[in-house]
Amino acid sequence: MPTSPSPCLPDYYRWAQWLCLLFIDQGLAYRHLSLVNWCPIDKTVLANEQVINGACWRHPDTPVEKRDLEQWFLKITDYADRLLDDLALLEGWPEHVRTMQANWIGRSEGVEVDFKVRGFAEPLRVYTTRPDTLFGVTFMVLAPEHPLVERVTERERLPEVREYVERAKRETEIERLSTATKKTGVFTGGYALNPLTDEAIPIWVADYVLMGYGTGAIMAVPGHDQRDFEFAREYSLPIVEVIAPESGKQGVGEAAFTGHGRMVNSGRFDGLSGQDAFDAVAKHLEEGGIGKRVTRYRLRDWLISRQRYWGCPIPIVHCKVCGLVPVPLEQLPVVLPTENKPLADNPEFYQTKCPRCGRDAQRDTDTMDTFIDSSWYFLRYTSTHEERLPFDPELAAHWMAVDQYTGGVEHAILHLLYSRFFQKFLFDQGMVGDVVEPFTRLFTQGMLKRHGQVMSKSKGNGIAPEQMVENDGADAGRVYLMFLAPPQDDAEWSDRAIAGPVRFLQKVWRLALEPESFSVTRSGATEELLTRRTHQAIKRVTDDYAGYRFNTAVAALMELANALEEHLQGGGSRAAAWDFAVRTLVLLLNPMAPHLGEELWERTGGVGLAADAAWPEYEAALATDPTVTLVVQVNGVRREALEVPRGLSEAQALERALQSERVAHFLNGDKPSRVFYVPDKLINLVP
RNA sequence: GCCGAGGUGGCGGAAUGGCAGACGCGACGGUCUCAAAAACCGUUGUCCGCAAGGACGUGGGGGUUCGAAUCCCCCUCUCGGCACCA
């Protein structure tokens with residue numbers, strides 16, 4: 001029997017280390033010094049995906065800091081195109097999750113353009129998605145961290161520029177990202193030359209340009225980019241119109257025109273528009289050797305180092321002579337110490353010998369992002385006892401992909417993106433057959449809230465399952481959760497509403513075992529009616545389960561229980577129809593309330609487990625009511641409801657409708673001029 | 001700002017072109033009880049009315065249709081994602 005993989009045990013994480021070494025071996029893992037996100041509470045770095053609104057995903061009130069550190073990255077950007085394009089294969093995924101991933105990857109097609117800089121041999125390279133606005137460039141902007149800043153700045157302006165750059169560096173990510181703040185910047189005194197017009201263009205430094213995207217420098221087109229427009233207004237820089245709306249008036253207004261339109265004031269390119277304009281300018285630049293088309297992504301490589309004392313140690317040895325040396329496969333796993341102290345403070349852990357030269361060396365003291373563990377556990381499930389590899393490739397190819405995957409939306413661009421990346425990497429390694437996507441169908445649950453906030457341990461607003469089991473029982477708790485709201489929606493927990501499911505389950509118990517406790521209060525119950533209700537319930541509950549509509553499935557079960565109760569109160573017999581209804585109710589309820597279900601199954605004479613019993617079959621003939629309620633409308637307003645036999649023709653229905661006094665009254669004695677008939681449902685008479 | 005999902009009784013929600021409010025919570029009235037709890041029965045969108053009945057009603061406004069919570073347009077608010085990404 002397979003056992004669950006446990007990421008905290010060496011049996012599992014040795015294979016995470018194995019995979020880490022495979023990434024390194026394939027050139028897809030690298031160590032790089034860069035400005036990274038740092039959570040001051042956890043005292044560790046974070047991946048971009050784990051920074052939410054400028055804060056650590058585990059501490060929403062704690063802004064991340066930026067630190068220059070040398071860290072390990074996985075080259076997920078090498079897979080950006082495939083991760084984006086293959087979203088089209090994921091028809092079983094919710095559209096919004098696919099959209100979120102597409103936005104996160106953020107592919108954009110643009111052109112890198114080289115601007116000559118006055119007094120310099122080397123060009124200033126910028127990235128733009130709008131080469132068709134090139135004639136509208138009125139200034140250039142460098143990010144404060146741009147390497148050219150110091151060099152293009154005039155001597156007498158250096159102090160001012162340096163002060164600005166220093167201030168920008170001190171600002172937190174949140175301050176700098178805030179779109180609400182006014183744009184700031186400083187002129188360097190340097191000039192670039194427009195490659196198409198040879199016009200001199202002043203070069204500024206401003207923190208609204210980010211070093212981490214594109215080339216860290218932009219050509220500013222205030223007429224057609226809102227940010228540039230705001231900056232130009234702030235510093236009284238010229239604004240030129242070079243794109244005219246296809247329809248409507250020309251001229252510089254109170255905002256940049258960022259749509260596509262006809263090129264104007266652009267020499268020989270005038271009149272071109274849209275993709276043609278893009279292509280024409282791009283081609284011209286490429287032919288002139290001053291530009292080339294490039295594809296850029298918002299997605300960054302995945303920073304996987306973590307400065308934690310838990311997790312999976314990165315299997316690398318730092319040797320003064322040999323450099324970074326992978327721990328040989330046969331020496332895995334590198335075991336995590338049990339003491340709760342940073343690995344960097346634990347000489348017993350990090351002191352080792354270089355596997356290559358045998359000299360004293362140090363282990364890498366970082367552990368891997370725990371999202372690494374969750375990125376392939378589903379593959380380990382296909383062969384949990386495999387001892388030579390992370391998993392058996394043949395079994396993985398056989399069992400994958402996961403047909404139905406369920407998780408919270410909060411993982412839309414964390415776990416679900418990383419897992420797709422792993423699957424594609426392992427596909428390239430020939431380890432997963434032809435399976436390029438790990439999860440065929442995805443269902444995203446909503447989050448459970450209480451007092452208006454997502455339930456969490458840190459907020460202390462959670463409900464311990466043990467407490468729920470203690471108070472009302474596991475079955476009642478499960479039925480309540482199913483009943484609370486549609487599963488894909490966020491749900492607000494209510495402490496008292498669980499009373500409904502509790503009463504419902506108690507009623508089911510009494511119906512199945514103590515039907516004599518219900519008193520007869522009227523008459524008229526029939527076996528046929530009970531059987532119909534039972535078959536109707538089979539259809540509804542079965543369809544609702546299949547469609548993940550658990551809340552309405554519970555409602556349908558409650559209605560069946562009510563039908564049983566009414567049958568007793570109506571003096572109905574407890575013969576074949578009764579037994580069928582009770583046993584059906586038990587079977588339909590069993591997936592949500594298995595303790596009660598199995599107990600009742602056994603006590604009512606069921607053989608074996610209810611869970612193994614055949615699922616009830618719905619029979620249309622037995623589920624159909626012989627009569628229907630026909631609503632009669634006059635001029636679209638409901639005036640009468642008639643109980644009529646099923647399947648009346650329009651003429652028959654009209655005849656019956658006209659016999660009604662109320663209908664006649666509202667028709668004022670006139671014959672209806674038009675009649676709309678929906679068989680077995682409604683007839684609308686228009687005077 | 002952009003993208004997405006939404007707004008229905010006191011509350012959670014049902015109904016995706018055809019009886020708005022299924023199912024449940026809560027509330028109110030009743031049965032039982034010395035009493036209470038539990039259980040059971042009944043009522044419960046709003047307004048007018050003794051009633052029969054009528055009018056209004058799915059965030060707001062307009063439209064399409066015999067008929068709109070449902071489709072279209074505009075506005076508004078809430079939630080989620082992205083956010084100075086060039």
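Side-chain atoms are counted along with the backbone in the values below, which use heavy atoms only and exclude waters and symmetry mates. Below, chains carry the letters A, B, ... as their sequence lines are ordered, and counting in each starts from 1.
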Any [X] side-chain nitrogen or oxygen under 4.0 Å from OP1 or OP2 of [N]:
X: A:R503; N: B:C25; value: yes
X: A:N551; N: B:A14; value: yes
X: A:R662; N: B:G54; value: yes
X: A:R496; N: B:C25; value: no
X: A:Q569; N: B:C41; value: yes

Aromatic ring centroids of [X] and [Y] under 6.0 Å?
X: A:Y418; Y: A:W302; result: yes
X: A:F231; Y: A:F139; result: yes
X: A:W493; Y: A:Y480; result: yes

Please report the distance separating the [atom1] of [N] from the corresponding atom of [M], rounded so that it comes out in whole Å.
N: B:G4; M: B:G53; atom1: P; answer: 48 Å
N: B:G30; M: B:G61; atom1: C1'; answer: 46 Å
N: B:A27; M: B:U76; atom1: P; answer: 40 Å
N: B:C23; M: B:A55; atom1: C1'; answer: 29 Å
N: B:U58; M: B:C11; atom1: P; answer: 15 Å
N: B:G57; M: B:U46; atom1: P; answer: 16 Å
N: B:G59; M: B:G7; atom1: C1'; answer: 6 Å
N: B:U78; M: B:G42; atom1: C1'; answer: 38 Å

Just name whichever nucleotide pairs with [N], Watson-Crick or G-U, keeping both distances under 3.5 Å, else none.
N: B:U16; result: none
N: B:G9; result: none
N: B:C79; result: B:G4
N: B:U31; result: B:A39

Polar pair under 3.5 Å, donor/acceptor by atom type, side chain A:K681, base B:C19: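 Counting by modelled atom types and ignoring angles, no donor-acceptor contact under 3.5 Å is found here.
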
Side-chain donor/acceptor contact of A:N684 with base of B:C66 under 3.5 Å: yes

Residue [X], side-chain atoms from C-beta onward, closest of [options]:
X: A:H96; options: B:C66, B:A86, B:G4; value: B:G4
X: A:R638; options: B:A20, B:A86, B:G13; value: B:A20
X: A:V678; options: B:C41, B:A86, B:G18; value: B:G18
X: A:N103; options: B:A14, B:C3, B:C66; value: B:C3
X: A:M558; options: B:G24, B:A86, B:A15; value: B:G24

Round to the nearest Å and state the distance from [X] atom [atom1] to [N] atom [atom2].
X: A:D489; N: B:C79; atom1: CG; atom2: P; value: 16 Å
X: A:E95; N: B:A5; atom1: CD; atom2: P; value: 9 Å
X: A:D490; N: B:G7; atom1: CG; atom2: P; value: 14 Å
X: A:R510; N: B:A39; atom1: CZ; atom2: C1'; value: 7 Å
X: A:L557; N: B:A22; atom1: CG; atom2: P; value: 18 Å
X: A:Y208; N: B:G1; atom1: OH; atom2: P; value: 20 Å
X: A:N635; N: B:G18; atom1: CG; atom2: P; value: 19 Å
X: A:H146; N: B:C84; atom1: NE2; atom2: P; value: 19 Å

Would you classify [X] as touching base, sugar-phosphate or nothing, given that sugar-phosphate means primed atoms plus P, OP1 and OP2, and contacts are heavy atoms under 4.0 Å?
X: A:T128; value: sugar-phosphate
X: A:I498; value: nothing
X: A:N562; value: sugar-phosphate
X: A:F666; value: sugar-phosphate

Residue whose nearest RNA chain B nucleotide is more 5′ - A:R298 or A:A555: A:A555

Residue met sooner reading RNA chain B from 5', once A:Y127 and A:L484 are mapped to nucleotides: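 Going by which nucleotide is closer to the 5' end, it is A:L484.
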
Lys/Arg cation over aromatic A:F518: A:R510, 6.0 Å, 45° cone: yes

cation_pi(A:R107, A:Y297) dist<6.0 Å, angle<=45: no

Polar contact flag, side-chain donor to acceptor under 3.5 angstrom, A:D228-A:Y208: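 Side chains of A:D228 and A:Y208: pair found under 3.5 Å.
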
Stepwise side-chain contact (heavy atoms from CB on, under 4.5 Å) test for A:V111 and A:Y127: CA-CA 6 Å; A:V111 179; A:Y127 172 72; over 6 Å; no

Worked verdict on A:E112 versus A:R125 for salt bridge (Lys or Arg N to Asp or Glu O under 4.0 Å): CA-CA 7 Å; A:E112 278 182 359; A:R125 178 165 291 179; 3.7 Å; yes

